[in-house]
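For reference, the structure is listed below as structure tokens.
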Amino acid sequence: MSKKILFINQEITPYVPESEMSLLGKQLPQLVQERGYEIRTFMPKWGTINERRGQLHEVIRLSGMNLIIDDTDHPLVIKVASIPVSRIQVYFIDNEDYFQKRRMVEDEKGEEYADNGERAIFFARGVLETVKKQRWTPDIIHCQGWMSAIVPLYVKTAYHDEPSFANAKVVTSLFTNHLKQDLGTDFKRCLQFRDVNDAVLSAYPDEFTAIDLGKLAIDYSDGVIEAGDEVNAQLLEYAKSKQLPILGYPGKEDYGDAYTEFYNKIIGE
């Protein structure tokens, strides 16, 4: 039976401009699928995405759930589209407060959104709730970008008893930092959900920085990938100090085999 890989991406081209991360978000799932794996791919529905051009449409049966963050209900909307040519299907996590009419990291004035941490929490929970509703059981959950950095924590704590995730291994890719501001004093409180309590979060500072967010992802991952030739050196050293399996930068070309071999190593095959 083919192995299942869940890709949780911050960026995928052609829905956002080309970057190291968005190109990997598009190409890696295709390369993995061509090697016989079953894949599913998620990303946020950034407000800059043209729904008509991208041919996005809402998946009614998956939408409609409310996620409570900081005592406020936030409706979860799921949309889907297929990448032209490859026909890879992408699921989009959408919400009026967090994503519609809003850019990725910064507003029109170049200032980072004060609730970026909450946006990442909503995205993480939105993906996991949707996969749970689909009754899909990934063998590997591959997280790419700061927006997915909370997923490893939730998979290994709040969702560890869910049938969809009980046996899943988590892989985190390291890139250069995109966040410059810390995530605010409310972020740590907003993170709390089910098993994620004060005791679980006691190892982390009250003011989460981008580095702390990266460390959180690494702490709950089963493997780490150096996804570019200039990844954050501090986080790479931190991953090495945890003695996690690490895939060194495999280059921009012909990296499909390197990734799938690493997945098999993490799965234990």
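Keep in mind that the numbers below use all heavy atoms, side chains included, and drop hydrogens, waters and symmetry copies. Because the structure is a prediction, the values reported are computed rather than measured.
Checked against Ile150 for a side chain to side chain contact (heavy atoms under 4.5 Å, CB included), the options Leu128, Leu191, Val155 give a single hit: Leu191. Checking Gln27, Lys26, Gln33, Glu34 one by one against Gln30, the side-chain hydrogen bond (donor to acceptor under 3.5 Å, both in side chains) holds for a single residue, Glu34.
Atom NZ of Lys252 has 12 or fewer heavy atoms from other residues, nucleotides or ligands within 6.0 Å. Within 6.0 Å of CG in Asp254 there are 12 or fewer heavy atoms belonging to other residues, nucleotides or ligands. For Glu96, the CD atom sits in a loose shell: 12 or fewer heavy atoms of surrounding residues, nucleotides or ligands are nearer than 6.0 Å. Other residues, nucleotides and ligands place more than 12 heavy atoms under 6.0 Å from the CG atom of Asn66. By the neighbour-count criterion of 12 heavy atoms within 6.0 Å, atom CG of Asp257 is densely surrounded, having more than that number from other residues, nucleotides or ligands.
The side-chain heavy atoms of Phe187 and Tyr204, taken from C-beta on, include no pair separated by under 4.5 Å. A 4.5 Å side-chain heavy-atom check between Val171 and Cys143 finds every atom pair outside the cut-off. When side chains are defined from C-beta on, Ile83 does not count as touching Arg87, because their heavy atoms never get closer than 4.5 Å. The closest side-chain heavy-atom distance from Gln10 to Met21 is below 4.5 Å. In this structure, Thr137 and Pro163 have side chains that are not in contact, with every pair of non-hydrogen atoms separated by 4.5 Å or more. Thr130 is listed as a side-chain neighbour of Phe42, based on a closest heavy-atom distance under 4.5 Å. Contact of the Pro44 side chain with the Phe92 side chain is not registered, since no non-hydrogen atoms from C-beta on lie closer than 4.5 Å. For the pair Trp46/Met147, a side-chain contact is recorded, criterion being any heavy-atom separation below 4.5 Å from C-beta on.
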Please test Ile266 against Ile140 for side chain to side chain contact (heavy atoms under 4.5 Å, CB included), starting from the C-alpha separation and ending with a verdict.
-> CA-CA 8 Å; Ile266 297 299; Ile140 291 278; 3.8 Å; yes

Stepwise side chain to side chain donor-acceptor pair (under 3.5 Å) check, Tyr238 with Asp219 | CA-CA 9 Å; Tyr238 185 76; Asp219 285 342; 2.6 Å; yes

Stepwise side chain to side chain contact (heavy atoms under 4.5 Å, CB included) test for Tyr259 and His142 | CA-CA 11 Å; Tyr259 272 82; His142 189 165; 3.6 Å; yes

Please step through side chain to side chain contact (heavy atoms under 4.5 Å, CB included) for the pair Phe175 and Asn232, ending with a clear verdict.
-> CA-CA 6 Å; Phe175 294 87; Asn232 185 281; over 6 Å; no

Test side chain to side chain contact (heavy atoms under 4.5 Å, CB included) applied to Val231 and Tyr249, step by step = CA-CA 9 Å; Val231 308; Tyr249 180 48; over 6 Å; no

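The pair Asp97-Arg102 does not count as a salt bridge, with every side-chain nitrogen at least 4.0 angstrom from each carboxylate oxygen. A salt bridge links Lys79 to Glu51: one of the charged nitrogens lies within less than 4.0 Å of a carboxylate oxygen. Arg189 has a carboxylate O that lies under 4.0 Å from a charged side-chain N of Asp186, or vice versa, which qualifies the two as a salt bridge. Note on Asp161 versus Arg194: no salt bridge recorded, every NZ/NE/NH1/NH2 to OD/OE distance being 4.0 Å or above. Under 4.0 Å is where a charged nitrogen must lie from a carboxylate oxygen, and between Asp139 and Lys4 no such pair does. Ionic pairing of Lys156 and Asp222 is present here: one or more N-O contacts between side-chain nitrogen and carboxylate oxygen are shorter than 4.0 angstrom.
Rounding to the nearest 0.5 Å places OG of Ser82 at 5.0 Å from CD of Gln89. To the nearest 0.5 Å, atoms CD1 (Ile225) and CG (Leu244) are separated by 12.0 Å. Rounding to the nearest 0.5 angstrom, the gap separating the CD atom in Glu261 from the CZ atom in Arg35 is 9.0 Å. In this structure, Leu76 CG and Ser63 OG are separated by 6.5 Å, a value rounded to the nearest 0.5 Å. Here Ile69 contributes atom CD1 and Gln192 contributes atom CD; the two are 13.5 Å apart, rounded to the nearest 0.5 Å. Rounding to the nearest 0.5 angstrom, the gap separating the CG atom in Leu56 from the NZ atom in Lys45 is 7.0 Å.
The backbone N or O of Ile218 lies less than 3.5 Å from no partner atom in the side chain of Thr172, so there is not a single donor-acceptor pair. Asp115 places no side-chain N or O within donor-acceptor distance of the main-chain N or O of Glu118, the cut-off being under 3.5 Å. Proximity of a side-chain donor or acceptor of Ser148 to a complementary backbone N or O of Gly145 within less than 3.5 Å is detected. Ser221 places no side-chain N or O within donor-acceptor distance of the main-chain N or O of Val224, the cut-off being under 3.5 Å. Arg125 contributes a side-chain N or O that, together with a main-chain N or O of Ile68, makes up a donor-acceptor pair within less than 3.5 Å. No donor-acceptor pair under 3.5 Å is formed between the side chain of Ser164 and the backbone N or O of Arg135.
In terms of heavy atoms, Gly117 sits closest to Leu183 at N-CD2, 3.8 Å. In terms of heavy-atom proximity, Ile39 sits nearest to Pro29 at CD1-CB, 3.9 Å. Residues Phe123 and Asn9 come closest through the heavy atom pair CZ-O, 3.6 Å. Heavy-atom minimum distance, Asp70 versus Cys190: CB-SG, 3.6 Å. Contact between Ala227 and Leu24 at its shortest, heavy atoms only, is CB-CD2, 4.1 Å. Contact between Tyr255 and Leu31 at its shortest, heavy atoms only, is CE1-CD1, 3.4 Å.
Less than 6.0 angstrom separates the ring centroid of Tyr98 from the ring centroid of His74.
The hydrophobic cluster containing Tyr220 also contains Tyr154, counting ILVMFWY residues as joined when their side-chain heavy atoms lie under 4.5 angstrom apart, directly or transitively. Linking ILVMFWY residues whenever their side-chain heavy atoms come closer than 4.5 Å, directly or via other members, places Leu216 and Phe122 in the same cluster. Cluster annotation: Ile49 and Phe99 are assigned to the same hydrophobic cluster (Ile/Leu/Val/Met/Phe/Trp/Tyr, side-chain heavy-atom contacts under 4.5 Å, transitive). Each of Leu23 and Val32 belongs to its own hydrophobic cluster when Ile, Leu, Val, Met, Phe, Trp and Tyr are linked at side-chain heavy-atom distances under 4.5 angstrom. Under the 4.5 Å side-chain heavy-atom criterion for ILVMFWY residues, no single connected hydrophobic cluster contains both Val59 and Val77.
Cation-pi contact between Arg40 and Tyr91: absent, since separation from the ring centre below 6.0 Å together with deviation from the ring axis within 45° is not met.
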